[in-house]
Amino acid sequence: MATKPSVTDVEDVLLRANRESLGSERLSAGEERFERRRKTTGLWLAPLVTVVFLLLPLDLAGNQQTLAGILLGVVVLWVCEPLPLPVSGFIGIAATVLLGVAPVDDVLKPFGSSTIFTFIGAFVIAQAMLKHGVARRFAFRVLSLPGVGSSTTRIILAFGAITCVLSAFVSNTATVAMLLPTALGILTVIAKLMQDRGVVAADFDPRRLRVGTALMLMLAYGASVGGLLTPVGSPPNLIGRAQIEEATGVRISFLQWVISALPLCLLMFVVLGVVLLLLNRPEIRRIEGVREYVAEERAKMGPLSRSEKNTLIAFAFTVTLWIVPAVVGLIAGNDSALSKTVSDRLDEGVVAVLGASLLFLLPVEWKRRKFTLTWSDAARIDWGTIMLFGAGIIFGSLLAATGLAKTIGESTSSTLGLASSLPIMLFAVLLAILISEATSNTAAASVVVPIVIPIAAAAGIDPLMPALAATFGASFGFMLPVATPQNAIVYGSGTVPITRMIRSGITFDVCGAILIVAVLPLTAALAGLI
């Protein structure tokens, strides 16, 4: 008599088994060995590369060779990750001072820039949105829209839209980590329905469903796409914008950035949906039960709390003041005295800090003097990313100050024959994407943008568009779990086979590069940047 196959407990596989490791990357034995070797290699290769480069008889002026050797060592540390990325940046910063690349005050000056304070304020507001459930409430509100919960395609696209919007203001990593439990809950409902209908075998593995892969990759990739939408959406945006302003004198306002990025993000989202649904075609289209699951979760949340309302007030206050200078410029003219005064007074860093400060002033329970956010809450923001971001700005500034970026740009331009805008933009995007696959997006922007600017200048091309293209390209990196934290998070859920991530990721990398080169000049012109 044939043995009856065991029946998979879908909830146990997808939910309880992931509860303790949710949001963390789980590696196989082979992958763990590779990671150990990669980190060990970085410990000896980084100083070796630096020392060997410093000893080479190169004809580089001033401290360019010293800075280049240090930066090469830091890049090796960033790629191999034997140390936390911010610590690797700190080591490089200390080395530039110890080896006399520049005086310490000049080296550390970028840490006091307005951009750093913009990032800190935005992170604090995002922390409040996560703590008080504003972002999660928004997600369930979208999922409860008529028709969304009855189709796997609509659910996948809705999750992508939710992720895009949230990651425009909240850290990409935090957005994905927050939404992952909801995605797994919905995937559990879908998997149980497939099991009941006999669409799959009784003992199937719910972690290997194509619909699950599409949902999880939409979560990870959608965050990267949405992160392009605003200057504060992703660290590379602020790094690239700061370096563009320093090199060209062109200040890209919050509103100009959004106008430039919005059409591009919309097109990328459409392409992302097509790529994921074609390469990971869901096993089932019509579903029941998701609407009930969403309604149940919304009922648990109840009405808007005072904390949520206060968070929305602080968020609206900040975004409004970020947009005001651009609106005044449109009405009164960018060169008018009023526009310049408003832009100076409503600096984005100052506005971000003011908006964040509101969270410590708006009361939740006045009698107990309990406010929306406490300092212990704020201390949980990702300070490591802010430190890494500061290190990236410092290296970009030193590349320009020592003339090393210009030297690299001129030699690259002559070697590759880059003499017009289109090939330079394509080179910038592809280089940024390639580096972001191997190291952090922040590190990719810190390395590529300062190099691309002098390449364009050497060819007699306005560097704004190539630098902006490189900035956008640095937020890519869809092929590997190590490329971005959000990739690692969804891979760690166990529902995304590495082969499907590579196939989907490389396809979207190529499509994204084409879109940036083709569309960005048009949207930048629409925003009045060129």
Side-chain angles (χ1 to χ4, degrees), residues 115 118-119 121-123 125-127 129-130 135 138-139 159-180 217-242 252 254 257-273 315 319 322 348 352 381-382 385-386 388-389 392 429 432-433 435-437 439-446 448-449 468-479 483-490 505 508-509 511-513 515-516 519-520 523:
T115 306
T118 302
F119 223 149
F123 270 28
I125 294 171
Q127 178 68 20
M129 293 178 71
L130 295 173
F138 170 74
F159 247 97
I162 292 164
T163 309
C164 282
V165 173
L166 290 176
S167 61
F169 301 97
V170 179
S171 153
N172 295 350
T173 306
T175 299
V176 173
M178 176 197 65
L179 291 178
L180 183 61
L217 289 182
M218 178 61 86
L219 196 59
Y221 297 171
S224 294
V225 171
L228 296 174
L229 187 58
T230 68
V232 298
S234 180
N237 297 357
L238 287 172
I239 287 179
R241 192 176 68 155
I252 304 175
F254 188 93
W257 184 285
V258 173
I259 292 173
S260 299
L262 181 58
L264 185 59
C265 289
L266 289 174
L267 287 172
M268 283 185 179
F269 180 74
V270 172
V271 172
L272 175 60
F315 174 76
V319 173
W322 274 341
E348 285 181 8
I381 69 173
D382 191 356
T385 296
I386 293 171
L388 176 61
F389 171 75
V429 172
I433 292 175
I435 292 179
S436 69
E437 288 287 359
T439 187
S440 78
N441 297 345
T442 305
S446 302
V448 177
V449 176
L468 196 56
T471 300
F472 276 55
S475 285
F476 279 49
F478 301 110
M479 194 170 65
T484 64
Q486 51 267 30
N487 285 12
I489 288 172
V490 298
F508 191 50
D509 272 341
C511 293
L515 280 174
I516 290 173
V519 177
L520 189 56
T523 59

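Ala474 approaches Ser436 most closely through the heavy-atom pair O-CB, 3.5 Å. Across Ala432 and Val448, no two heavy atoms sit closer than the pair CA-CG2, 3.9 Å. Listed here is the closest heavy atom pair of Ile125 and Ala352: CD1-O, 4.4 Å. When all heavy atoms of Phe269 and Cys164 are compared, the closest pair comes out as CD1-SG, 3.9 Å. Heavy atoms only, all atoms of each residue included: Cys511 and Val271 are closest at CB-CG1, 3.7 Å.
When side chains are defined from C-beta on, Val232 does not count as touching Asn237, because their heavy atoms never get closer than 4.5 Å. In this structure, Val449 and Ile239 have side chains that are not in contact, with every pair of non-hydrogen atoms separated by 4.5 Å or more. Looking at heavy atoms from C-beta onward, Phe508 lies out of side-chain contact with Leu217 at the 4.5 angstrom threshold. Looking at heavy atoms from C-beta onward, Phe476 lies in side-chain contact with Leu228 at the 4.5 angstrom threshold.
How far CG of Leu238 is from OG1 of Thr230: 8.0 Å, rounded to the nearest 0.5 Å. Summarising the geometry, atom OG1 belonging to Thr471 is positioned 7.5 Å from atom CD1 belonging to Ile252; distances are rounded to the nearest 0.5 Å. Atom CZ of Phe472 sits about 6.5 Å away from atom SG of Cys265, to the nearest 0.5 Å. Taken from CG in Leu272 to OG in Ser224, the straight-line distance is 9.5 Å, to the nearest 0.5 Å. Note: Ile259 CD1 to Leu264 CG = 14.0 Å, rounded to the nearest 0.5 Å. In this structure, CD1 on Ile516 lies 8.5 Å from OG on Ser475, to the nearest 0.5 angstrom.
Scored by the side-chain contact (heavy atoms from CB on, under 4.5 Å) test, Ala513 finds Val429, Leu430, Ile433 as partners (sequence neighbours excluded). Here Ser167 pairs with nothing under the side-chain hydrogen bond (donor to acceptor under 3.5 Å, both in side chains) rule; sequence neighbours left out. For Phe159, there are no ring-ring contact (aromatic ring centres under 6.0 Å, His included) partners, not counting sequence neighbours.
At distances below 3.5 Å, not a single donor-acceptor pair connects side-chain atoms of Asn487 with backbone N or O atoms of Ala220.
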- [ ] Before giving the answer on side chain to side chain contact (heavy atoms under 4.5 Å, CB included), spell out for Phe478 and Gln486 the whole-Å C-alpha distance, their side-chain angles and the decisive distance to 0.1 Å.
- [x] CA-CA 10 Å; Phe478 301 110; Gln486 51 267 30; over 6 Å; no

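The aromatic rings of Phe315 and Phe169 sit perpendicular to each other, their planes meeting at more than 60°, with 30° as the lower class boundary.
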